[in-house]
Number of protein chains: 2
Amino acid sequence: MNQELQDLVDQFHKILYLYSVIGRKPKDYGTGDLLYFSEIHTIAMIDRNREINITRLADVMGVTKGAISQTISKLVAKKLIIRKNIRNLKEVNLMLSAKGRKVLKAQEAFQNEIFTFAASLYEKAGSTDRELVGRLFRAITANMEERVRGAQA
Amino acid sequence: MNQELQDLVDQFHKILYLYSVIGRKPKDYGTGDLLYFSEIHTIAMIDRNREINITRLADVMGVTKGAISQTISKLVAKKLIIRKNIRNLKEVNLMLSAKGRKVLKAQEAFQNEIFTFAASLYEKAGSTDRELVGRLFRAITANMEERVRGAQA
DNA sequence: TTAATTTTGTTTAGCTGCTAAACAAAAAGC
DNA sequence: GCTTTTTGTTTAGCAGCTAAACAAAATTAA
């Protein structure tokens with residue numbers, strides 16, 4: 001691997017690490033509740049997978065059912081999400097409350113903020129440049145998803 | 001923010017999350033010790049900042065002195081790093097042991113593996129494409145570093 | 001030189017978030 | 001109807017972190 005590419009990989013890892021540092025402190029997303037990244041991420045996943053149940057959510061998020069069950073209890077206590085039995089008495093189907101949707105909106109604004117500088121550069125770029133960036137990210141994501149699945153099997 | 005860019009930001013966040021999932025399980029880097037990302041990252045930072053002390057390392061890594069002190073004790077017990085008093089009796093200067101350097105080599109190989117697919121795409125790209133990617137990453141890193149510093153001040 | 005202050009590192013209690021395992025209850029299969 | 005599977009919860013225990021109390025060395029001031 002050449003130096004230029006090595007620098008890029010190093011830069012990428014720095015981003016990954018800094019993100020974990022930033023995520024350590026819980027944040028108020030406009031509702032008075034202090035929320036951790038894991039809680040916010042759970043909310044986002046429920047929004048993207050309407051009426052998902054605990055088992056599937058655990059699978060999608062790469063954690064155990066027990067972990068999700070605990071997180072959900074906290075989020076329900078904070079009135080950010082709602083437990084419902086839609087299909088039968090056994091399955092728990094999850095939905096965002098109005099408050100949960102408000103939190104999600106605020107979080108999206110915050111996460112986009114981090115990428116504002118990058119976004120302006122990106123918007124000035126040509127279409128072939130953009131295509132490379134998109135393919136790069138998809139390649140890394142695919143590789144990571146494989147690792148997560150492999151580790152759980 | 002347009003849809004194309006929004007997708008890219010989403011993709012980026014997926015990578016950040018997946019990385020945290022992968023990092024949850026400790027890994028053997030060829031010495032028989034199971035090491036967490038935080039331990040590996042500490043080793044990498046000591047390598048890049050020769051004879052760094054606890055206070056500066058805590059600052060560089062964005063955690064408290066207490067946290068670093070604890071991590072160091074574990075890494076010394078595993079014989080991956082060495083405590084030395086170079087400047088005076090008070091300051092603890094940190095260095096990698098031969099075993100620590102071995103772990104670092106293995107980790108670099110592992111992290112590069114994750115980026116292999118992306119790397120091959122990157123190497124096929126032209127110089128203007130590459131420049132965009134580099135600037136993009138530097139922009140995100142700079143923004144995140146500012147956040148880490150701001151949170152600590 | 002001595003005394004006060006600052007710097008440096010360690011230890012402790014307490015927290016979050018996770019896992020693995022034991023468990024209870026409903027649903028599905030035979 | 002009875003057994004097996006699926007689904008979700010609870011518990012004990014661990015890693016990693018913070019804040020705060022602490023000890024000791026180094027620096028500064030008098």
Side-chain angles (χ1 to χ4, degrees), chain A residues 17-27 33-43 45-46 51-78 81-94 148 151-153, chain B residues 17-27 33-43 45-46 51-78 81-94 148 151-153:
Chain A
Y17 182 74
L18 287 170
Y19 187 81
S20 80
V21 173
I22 293 171
R24 217 121 65 198
K25 292 217 169 180
K27 200 173 143 66
D33 308 289
L34 288 175
L35 300 174
Y36 286 87
F37 272 7
S38 74
E39 296 177 299
I40 281 291
H41 199 82
T42 304
I43 289 171
M45 292 311 265
I46 291 168
E51 298 175 4
I52 195 170
N53 65 28
I54 302 283
T55 300
R56 280 214 304 129
L57 186 56
D59 196 48
V60 166
M61 295 189 66
V63 294
T64 60
K65 290 184 303 175
I68 292 294
S69 181
Q70 292 166 39
T71 305
I72 295 302
S73 293
K74 280 191 295 182
L75 292 175
V76 168
K78 289 174 183 170
I81 67 173
I82 299 161
R83 275 197 185 97
K84 278 211 173 176
N85 292 94
I86 292 173
R87 288 166 53 91
N88 55 49
L89 291 174
K90 191 170 62 164
E91 257 181 64
V92 173
N93 302 99
L94 302 166
V148 171
Q152 285 186 318
Chain B
Y17 182 75
L18 288 170
Y19 186 81
S20 78
V21 173
I22 293 171
R24 217 123 63 202
K25 293 218 168 179
K27 201 172 144 66
D33 307 289
L34 289 174
L35 301 174
Y36 287 85
F37 271 7
S38 74
E39 297 177 299
I40 282 289
H41 199 82
T42 303
I43 289 171
M45 293 310 267
I46 291 170
E51 299 174 5
I52 194 169
N53 66 27
I54 304 281
T55 300
R56 280 215 305 129
L57 187 56
D59 196 47
V60 167
M61 295 188 65
V63 295
T64 61
K65 290 183 302 175
I68 291 294
S69 182
Q70 293 166 37
T71 304
I72 295 302
S73 293
K74 281 191 296 181
L75 291 175
V76 169
K78 289 176 182 169
I81 68 173
I82 299 160
R83 275 196 187 98
K84 279 212 173 173
N85 293 95
I86 292 174
R87 287 166 54 89
N88 54 49
L89 292 173
K90 190 170 62 162
E91 259 183 62
V92 173
N93 302 99
L94 303 166
V148 170
Q152 285 185 315

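As a basis for the values below, the full set of heavy atoms in this structure was taken, side chains included, without hydrogen atoms, waters or symmetry mates. Letters A, B, ... are given to chains in the order of the sequence lines, protein chains preceding strands, and every chain is numbered from 1.
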Nearest-angstrom distance from the residue atom [atom1] of [X] to [atom2] of [N]:
X: Asp59(A); N: dT7(D); atom1: CG; atom2: C1'; result: 14 Å
X: Phe37(B); N: dG16(D); atom1: CZ; atom2: C1'; result: 15 Å
X: His41(B); N: dG16(D); atom1: NE2; atom2: P; result: 14 Å
X: Asn85(B); N: dA24(D); atom1: CG; atom2: P; result: 15 Å
X: Leu57(A); N: dT7(D); atom1: CG; atom2: C1'; result: 14 Å
X: Asn88(A); N: dA28(C); atom1: CG; atom2: C1'; result: 11 Å
X: Ile86(A); N: dT7(D); atom1: CD1; atom2: P; result: 16 Å
X: Asn93(B); N: dA26(D); atom1: CG; atom2: P; result: 12 Å

> Between dA20(C), dC17(D), dC18(C), which one does the side chain of Val63(B) approach most closely?
Replying inline: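 Minimum distance to the Val63(B) side chain belongs to dC17(D).
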> Any idea how Tyr17(A) and His41(B) line up, ring-wise: parallel (<30°), tilted (30 to 60°), or perpendicular (>60°)?
Replying inline: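 Geometry flag for His41(B) against Tyr17(A): parallel rings.
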Side-chain heavy-atom pair [X], [Y] within 4.5 angstrom cut-off:
X: Met61(A); Y: Ile68(A); value: yes
X: Glu91(A); Y: Ile86(A); value: no
X: Arg24(B); Y: Val21(B); value: yes

> Given dT19(C), is OP1 or OP2 found less than 4.0 Å from the side-chain N or O atoms of Thr64(A)?
Replying inline: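 Looking at the OP1 and OP2 atoms of dT19(C), one of them is under 4.0 Å from a side-chain N or O of Thr64(A).
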>> I need the minimum non-hydrogen distance between Leu57(A) and Met45(A), along with the two atoms involved.
In response: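 Result for this residue pair: CD1-CB, 3.8 Å.
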>> Under a 3.5 Å distance rule, please check whether Asn53(A) uses its side chain to pair with a backbone N or O of Leu94(A) as donor and acceptor.
In response: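 Such a contact is absent between Asn53(A) side chain and Leu94(A) backbone.
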> Within the side chain of Asp33(A), is there an N or O that forms a donor-acceptor pair under 3.5 Å with the backbone of Leu35(A)?
Replying inline: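 Judged by distance alone, no pair lies under 3.5 Å.
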>> For the CD1 atom of Ile72(A) and the CD atom of Glu39(A), what is their distance to the nearest 0.5 Å?
In response: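 Here the interatomic distance stands at 10.0 Å.
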>> Between Thr71(B) and Glu91(A), which residue's closest nucleotide on DNA chain D lies nearer the 5′ terminus?
In response: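 Of the two residues, Glu91(A) wins.
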List every contact pair, protein side and nucleotides 9-15 of chain D side both N or O, where the distance is under 3.5 Å.
residue	atom	partner	partner atom	Å
dT9(D)	OP1	Arg83(A)	NE	3.3
dT9(D)	OP1	Arg83(A)	NH2	3.4
dT9(D)	OP2	Ser69(A)	OG	2.8
dT9(D)	O5'	Ser69(A)	OG	3.4
dT11(D)	O4	Gln70(A)	NE2	3.1

Between the protein and nucleotides 4-7 of chain C, list every N/O to N/O distance that falls short of 3.5 Å.
residue	atom	partner	partner atom	Å
dT7(C)	O2	Lys90(B)	NZ	2.8

> Does Arg87(A) CZ have over 12 foreign heavy atoms under 6.0 Å away?
Replying inline: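 Not buried by this count: 12 neighbours or fewer within 6.0 Å.
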